[in-house]
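Here the structure is laid out as structure tokens; the discussion comes afterwards.
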Amino acid sequence: MTDFDWQDYAAETQAIRAGYQRSHEDENSIPIFATSSYVFESAEQAALRFTGKQPGNVYSRFTNPTVSAFQTRLALLEQGESCLAFSSGMAAIMAVGMALLKSGDHVVCSRSVFGNTVLTFQNYFGKFGVSTDFVSLTDPAAWEAAIKPNTRFLFLETPSNPMIEIADIQALADIAHRHDCLLIVDNCFCTPILQKPLLLGADLVVHSATKFIDGHGRCVGGAVVGSEELIDKQIYPYLRTGGACMSPFNAWAFLSGLETLALRMQAHCDSAFELAKWLEKQPAVAKVHYPGLASHAQHELAKRQQSHFGAVVSFELKGGKDQAWRLIDATRMLSITANLGDVKTSITHPATTTHGRLSAEARAEAGINDNLVRISVGLENIEDIKTDLLRGL
Ligand SMILES: *Cc1c(COP(=O)(O)O)cnc(C)c1O
């Protein structure tokens, strides 16, 4: 439906209808284009397609109609000009670095990012002469102080995992731009339904589509959204060559995820908020980390920056590791898994799983104590989730 200007439609409509033109078969659902290559009408057309002088598909490492539909929808939802899909969230982050960094460059990164993101910058880009400094997510002055003349970009996730701290995206975008740097935001926890970092001044948004975008724990995938200049001119040539493209099968699953994303996020967040308030009242609980609570240090910022408070709640029990493990092991229904963003509620002990490879000092500095439990609240009935937790509380 190329005659539609999808920009004029609301997010829920874009997520269901944009990005795909029905074929001659008149299908009502986007097909999985299981094809590695495409056929040209003539040698001349092949030549034009290969040079990019004529738009159109060439090879599915470059473009694929099912993947393109996903990219178009996610770009619209994030209100970015362009989007590229990748085989995983980490592949998307790797592509941003490979495309934008060169030896001698510097990166400022939040200390509270996904563990593999730390390793990507520290171990892999570090190996090729890119240095990275890690700073506190919530301290804009520390970000500004860490910027050097060779800093290329600032990288963060908000809310952070597992402490659910909030960064001021607009303030950090202003700092980045004052120093001629880019701001890159991993928007995995909020999705564009809760927060649109590009509208707050970020230059690129990265996603692990594996989490809320899929929403059903089925597929691994990732994406990057931003301006045509950054996405099409700078990152796309790397995707074409580097090869970490999204499979059309996974794109099809993510498309169905996007169709219900707005509804699911609302329900996830409503339940997480209720659970956070309920946990705060439990005698066995020492502290709850959730931006919807007035006790949260960035509660006002979260209200301003996000349309809801998110689906992930973490809390500290009175006691230590034994109490945390006992609570986790007493559940019967919740999934004991470090994954998040699923319709199934998951429960995890960050200190011995996702953040177990950090040194004890690094964990203490990040506030990840042995008594901390993290829950990604799913879409089961909230009373059943409470009942399951009550067994161990
Ligand atoms: C899971 C996750 C990633 C990595 O995504 P994959 O799809 O697992 O490669 C990156 N950032 C955040 C915030 C994540 O939760």
Side-chain angles (χ1 to χ4, degrees), residues 67 70 74 78 83-98 107 109-125 134 137 153-167 169 184-195 197 202 204-225 239 242-247 249-251 253-254 257-258 261 265 268 272 291 306 310-314 335 337-342 346-348 350 353-355 357-358 366 368 374-378:
V67 177
F70 170 75
L74 189 57
E78 288 285 3
C83 170
L84 285 174
F86 290 87
S87 55
S88 70
M90 289 319 303
I93 292 169
M94 178 58 83
V96 168
M98 289 298 276
V107 171
C109 185
S110 160
R111 203 173 280 143
S112 325
V113 289
F114 193 62
N116 288 294
T117 305
V118 174
L119 296 180
T120 298
F121 288 122
Q122 214 166 44
N123 296 6
Y124 294 98
F125 287 113
F134 295 91
L137 179 69
F153 60 69
L154 280 49
F155 189 103
L156 63 86
E157 274 164 34
T158 178
S160 67
N161 179 29
M163 300 310 291
I164 330 290
E165 291 179 321
I166 313 280
I169 297 174
I184 303 174
V185 176
D186 181 334
N187 200 23
C188 170
F189 269 51
C190 272
T191 83
I193 302 303
L194 304 192
Q195 156 178 293
L204 286 173
V205 163
V206 299
H207 273 289
S208 168
T210 317
K211 313 295 167 53
F212 293 101
I213 290 178
D214 177 356
H216 302 75
R218 301 167 295 191
C219 296
V220 175
V224 185
V225 190
L239 169 63
C245 52
M246 179 179 282
S247 87
F249 294 91
N250 287 2
F254 295 136
L258 285 181
L261 184 63
M265 289 313 288
H268 276 295
Q306 303 176 196
V312 184
V313 181
S314 64
S335 304
T337 166
N339 196 31
L340 59 96
D342 198 313
S346 66
I347 186 164
T348 190
T353 58
T354 50
H355 294 73
R357 274 183 300 176
L358 293 180
I368 305 165
R374 190 200 74 189
I375 295 186
S376 172
V377 182

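Start at 1 and go down the list; that is how both ligands and their atoms are numbered. Position 1 is the first residue of the sequence, and the numbers go up from there.
Here is the list of ligand 1 atoms found below 4.0 Å of a heavy atom in Thr210: 6 (P), 7 (O). Atoms of ligand 1 found under 4.0 Å from any heavy atom of Gly221, numbered from 1 in the order shown, are 7 (O). Within ligand 1, the atoms closer than 4.0 Å to a non-hydrogen atom of Asp186 are 10 (C), 11 (N), 12 (C), 13 (C), numbered from 1 in the order shown. Near Ser88, with a cut-off below 4.0 Å to any heavy atom, the atoms of ligand 1 are 7 (O), 9 (O).
Lys211 NZ, 1.4 Å is the protein heavy atom nearest to atom 1 (C) of ligand 1. The protein non-hydrogen atom at the shortest distance from atom 9 (O) of ligand 1 is Met90 N, 2.9 Å. Protein heavy atom closest to atom 5 (O) of ligand 1, with residue, atom name and distance, is Ser208 OG, 3.0 Å.
A perpendicular orientation is assigned to the rings of Phe121 and Phe155, their planes being inclined by more than 60° (bins at 30° and 60°).
Within the 3.5 Å criterion, the main-chain N or O of Asn339 finds a donor-acceptor partner in the side chain of Ser346. For the pair His268 (side chain) and Gly310 (backbone), a donor-acceptor distance under 3.5 Å is absent. Gln195 contributes no side-chain N or O that, together with a main-chain N or O of Asn187, makes up a donor-acceptor pair within less than 3.5 Å. For Ser88 (side chain) and Val220 (main-chain N/O), no donor-acceptor pair under 3.5 Å exists by modelled atom type.
Between Leu340 and ligand 1, not a single N/O pair is under 3.5 Å apart.
For the pair Leu340/Phe189, a side-chain contact is recorded, criterion being any heavy-atom separation below 4.5 Å from C-beta on. For the pair Asn161 and Arg374, the minimum side-chain heavy-atom distance is below 4.5 Å.
Looking at Phe114, Phe212, Phe86 and measuring to atom 3 (C) of ligand 1, the nearest heavy atom belongs to Phe114.
When heavy-atom distances to ligand 1 are checked against a 4.0 Å cut-off, Glu157 comes that close only through its side chain, counted from C-beta outward.
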